[in-house]
*Asks:* 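Pasting a structure here, questions to come.
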Amino acid sequence: MIKRTKVLELLRAEAPIDKILLKGWVRTKRDSKTFSFLELNDGSSLANLQVIADSSLDNYAEITALTTGSALEIRGSLAPSQGKGQKWEVLAENVTIVSVADGAYPLQKKRHTDDFLRGIAHLRPRTNKYGAVFRIRSELSFAIHKFFRDKGFRYLHSPIITGSDCEGAGDMFRVTALNPGEIPVSGGIIDYSQDFFGQEASLTVSGQLSAEMFALALGDVYTFGPTFRAENSNTSRHVAEFWMVEPEMAFCDLEEDMDLAEELVQFLVACAMDECMEDITLFAKFVNKELLTVFDNILSSPFIRITYEEAVNILCKSGVSFEFKVAFGSDLQSEHERYLTEKYFKKPVIIYNYPKEIKPFYMRLNNDNRTVAAMDLLVPGIGEIIGGSQREERAGTLKKRMVEMNLDEKKYWWYIDSRKYGTVPHSGFGLGFERLMMLVTGVANIRDVIPFPRTPGSIEF
RNA sequence: UCCCCAGUAGCUCAGUUGGCAGAGCGGGUGGCUGUUAACCACCAAGUCCGCGGUUCGAGUCCGUGCUGGGGAGCCA
């Protein structure tokens, strides 16, 4: 019995092969009286493999009736192609029809809109573009683990269900085992003591607080998993369920944090070029013609690093009339970030030392007493891709900040506890994995780089 | 959530001043060719997003709802 060979391997063959077994789906077919050309794809590569089915095959009538999307098993040989356009082709000795796709198969031999494909998200990975997206997504996932593992980081599985009612950002999805028809209410308030956990629970918006606890034990850790935001945001950069990479490092200050963020992004871009160049070429050709220039821009030189105050000064002196006014103390708006990354520097920019008022309680207060050791990495075209900070490791300052921001100390007893027993400077950041995917593929809508996107009003698949 | 735009055949789209519903691709049938998103001929295919209105007459104009997209806010 012959072992199945994948298209990718056959396309890379260096010599003809006598006996092969190939399994895959028909992407397109061109046939005649004497023979039929079948383009077979099995997902292993962007390119198809051309199969020649001769009319002498006993099921030739059925072969010419095959539709796009039909599944086949081909037995035959790999031979140099007589035609132009490909090195190898398969001469079929036997074509077994595994199944015939219905004529209504919606994927055609032409370009479809992303909008239409989103409506058939269960079929879109069968297209060239989405096949490429999800091959790259897989490669980059492994690359993230490789990057951290090679640096001695430990991979942490932070919990998905959390009892912390304020992990930092965004509205949360509630998790309950209560029956919607019979929710216990006492005094007009839902009695969560009768719920599964005996208190309110939610889906996590960040693994950071857990990661901090483990960084203070294992040294350098990272999480890489799904996070959830119940924000009603309808943009091309937001989804309700997305994947985040969150390294957290003990004995690490903001500058080292920025170094790691920059190194990680550069590593992942380089990795995409090394491992997925065939797929990247498709994006550079059809999705974003500037893609390779963008890569070069990321890899060729260090990122720009400026303080928030410097950013504000540049914006004020720009002479551009922004819709939102720029002043120290107000958060930078999309238009401001765009100006800095796309017009002024034309490069990735890290902005750090933000005013304390616009950042969460856990960021370390700087000596000026008015800024915190926060940093955001902004890239042209996408905006914020990473947000991070050095954490407040001083118990006293941390408590003071929590009071300022009206947070209940009691609920964070374990977090504050970590500052009592051998506290050390530590830092970390969060990288939005889908935003990285947008950067690497040039795909403009976040819904098109995640298998089944969850957005307000949409959970069909 | 706010602002703007769009919705016509399975898909991508055209449809003039309000006057017979169209093309290419896909599907079916036949032909032809070492073909490359093959090619040629013929055939089938429509709740013009839903509801209401104006009009002799609405795909077209008005109102409203739904869905999608772009931008904003929030953020990753």
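Both backbone and side-chain heavy atoms feed into the values below; hydrogens, waters and symmetry mates do not. Quick note on labels: first sequence line is chain A, next is B, and so on, each numbered from 1.
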*Asks:* Answer with base, sugar-phosphate or nothing: what part of the nucleic acid does Arg338(A) contact at a heavy-atom distance below 4.0 Å?
*Replies:*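 Sugar-phosphate, no base atom in range.
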*Asks:* Under 4.0 Å between any heavy atoms, over every strand shown, what does Ser236(A) touch: base, sugar-phosphate, or nothing? Just pick one.
*Replies:*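 Sugar-phosphate, backbone atoms only, no base.
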*Asks:* Have a look at Asp114(A) and say if it touches a base, only the backbone sugar-phosphate, or nothing, with a 4.0 Å heavy-atom cut-off.
*Replies:*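 Since no nucleic acid heavy atom lies under 4.0 Å of Asp114(A), the category is nothing.
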*Asks:* Taking the six-membered ring of Phe173(A) as reference, does the cationic atom of Arg454(A) (NZ for Lys, CZ for Arg) lie under 6.0 Å from its centre and within 45° of its axis?
*Replies:*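 No, Arg454(A) does not sit over the ring of Phe173(A).
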*Asks:* From the options Arg154(A), Lys151(A), Glu246(A), His145(A), select the one residue that forms a side-chain hydrogen bond (donor to acceptor under 3.5 Å, both in side chains) with Tyr222(A).
*Replies:*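 Filter result, single survivor: His145(A).
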*Asks:* Looking at U35(B), which nucleotide sits across from it as a Watson-Crick or G-U wobble partner, both distances under 3.5 angstrom, or is there none?
*Replies:*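 Base partner found: none.
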*Asks:* Applying a 3.5 Å limit to both distances, which nucleotide forms a Watson-Crick or G-U wobble pair with A21(B)?
*Replies:*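 Paired with A21(B), as far as the under-3.5 Å criterion goes, is no nucleotide at all.
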*Asks:* In whole angstrom, what separates Lys29(A)'s NZ from C39(B)'s C1'?
*Replies:*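 Roughly 14 Å, once rounded to whole Å.
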*Asks:* Counting any heavy atom closer than 4.0 Å, what does Phe35(A) reach on the DNA or RNA strands: base, sugar-phosphate only, or nothing?
*Replies:*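 The residue Phe35(A) makes base contact.
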*Asks:* Please evaluate the base of G34(B) for a donor-acceptor partner in the side chain of Glu89(A) within a cut-off of under 3.5 Å?
*Replies:*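 Answer yes: a donor N or O sits under 3.5 Å from an acceptor.
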*Asks:* For a quick check, tell me whether the side chain of Arg237(A) and the base of A76(B) share a donor-acceptor pair closer than 3.5 Å.
*Replies:*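 Such a pair does not exist between side chain and base.
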*Asks:* Gln86(A) side chain N/O closer than 4.0 Å to the phosphate oxygens (OP1, OP2) of U36(B)?
*Replies:*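 No.
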*Asks:* Kindly say whether the aromatic ring centers of Phe224(A) and Phe148(A) come within a distance under 6.0 Å.
*Replies:*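 Phe224(A) vs Phe148(A): aromatic centres not under 6.0 Å.
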*Asks:* Need one value for Thr28(A): base, sugar-phosphate or nothing, where a base atom within 4.0 Å counts as base even if backbone is also close, heavy atoms only.
*Replies:*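 Sugar-phosphate, no base atom in range.
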*Asks:* May I ask you to verify whether the side chain of Asp31(A) and the base of U35(B) hold a donor-acceptor pair under 3.5 Å?
*Replies:*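 By the distance-only test, no, there is no pair.
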*Asks:* Any strand counts, and the cut-off is 3.5 Å on both contacts for Watson-Crick or G-U wobble. Which nucleotide pairs with A44(B)?
*Replies:*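 Pair assignment: A44(B) / none.
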*Asks:* Distance criterion of 3.5 Å, no angle test: do you see the side chain of Arg30(A) paired donor-to-acceptor with the base of C32(B)?
*Replies:*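 No pair found.
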*Asks:* Are Tyr339(A) and Phe322(A) close enough that their ring centres sit under 6.0 Å apart?
*Replies:*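 When the ring centroids of Tyr339(A) and Phe322(A) are compared, they turn out to be within the sub-6.0 Å range.
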